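What follows is a short report on a single structure.
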Amino acid sequence: MMMPAVRDISFERLEEALPAFFIIAFIPLMHSIVDGIAISFISYALFHIALGKWREVKPLFYIVSHLFVIYFILQTLTKTYQGSPLRTHQRSGGLFGTPIKSM
């Protein structure tokens with residue numbers, strides 16, 4: 001459904017075309033709309049910085065891109081923590097670690 005839109009992307013300015021392509025490609029690859037948008041935001045900012053056109057991008061865009069980077073870092077850390085063999089298998093779940101009483 002989204003692939004015909006690729007031919008409408010103007011690849012004359014790669015710093016704008018590649019993030020547009022990335023959003024189309026990464027949404028199905030990552031099975032997440034948010035992750036695809038995040039990759040696009042981050043790549044847009046990085047391409048502009050790499051080409052020396054960083055002044056063309058608004059500061060708020062860089063802030064949002066940094067927040068997406070933090071999102072990916074936290075997502076990676078939580079997945080790493082959940083799969084850690086050192087993790088205890090006790091489940092308290094209650095407020096301040098107090099056990100939940102079953103009814």
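Keep in mind the model is a prediction, meaning the values are calculated, not measured.
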Val57-Leu51 co-clustered via ILVMFWY side chain contacts under 4.5 Å: no
Nearest-0.5 Å distance that lies between atom CD in Glu56 and atom CZ in Arg13: 5.5 Å
Shortest non-hydrogen contact from Tyr44 toward Glu16: CE1-CG, 3.8 Å
Those residues that, when tested against Ala20, pass side chain to side chain contact (heavy atoms under 4.5 Å, CB included) (two or more places apart): Ile9
Atom pair CZ/OG of Phe22 and Ser40 - distance to nearest 0.5 Å: 9.0 Å
Ring centers of His66, Tyr62 separated by less than 6.0 Å: no
Heavy-atom pair with the smallest gap, counting every atom of Pro19 and Leu14: CD-O, 3.8 Å
Minimum-distance pair of heavy atoms, taken over all atoms of Ala45 and Phe61: N-CE2, 4.2 Å
Minimum side-chain heavy-atom gap Ile37-Ile23 below 4.5 Å: yes
Identified side chain to side chain contact (heavy atoms under 4.5 Å, CB included) partner of Phe68 from the options Ile63, Ile42, Ile39: Ile42
Flag if over 12 foreign heavy atoms under 6.0 Å of CD1, Ile49: yes
Counterpart residues, side chain to side chain contact (heavy atoms under 4.5 Å, CB included), relative to Ile73 (two or more places apart): Val69, Leu77
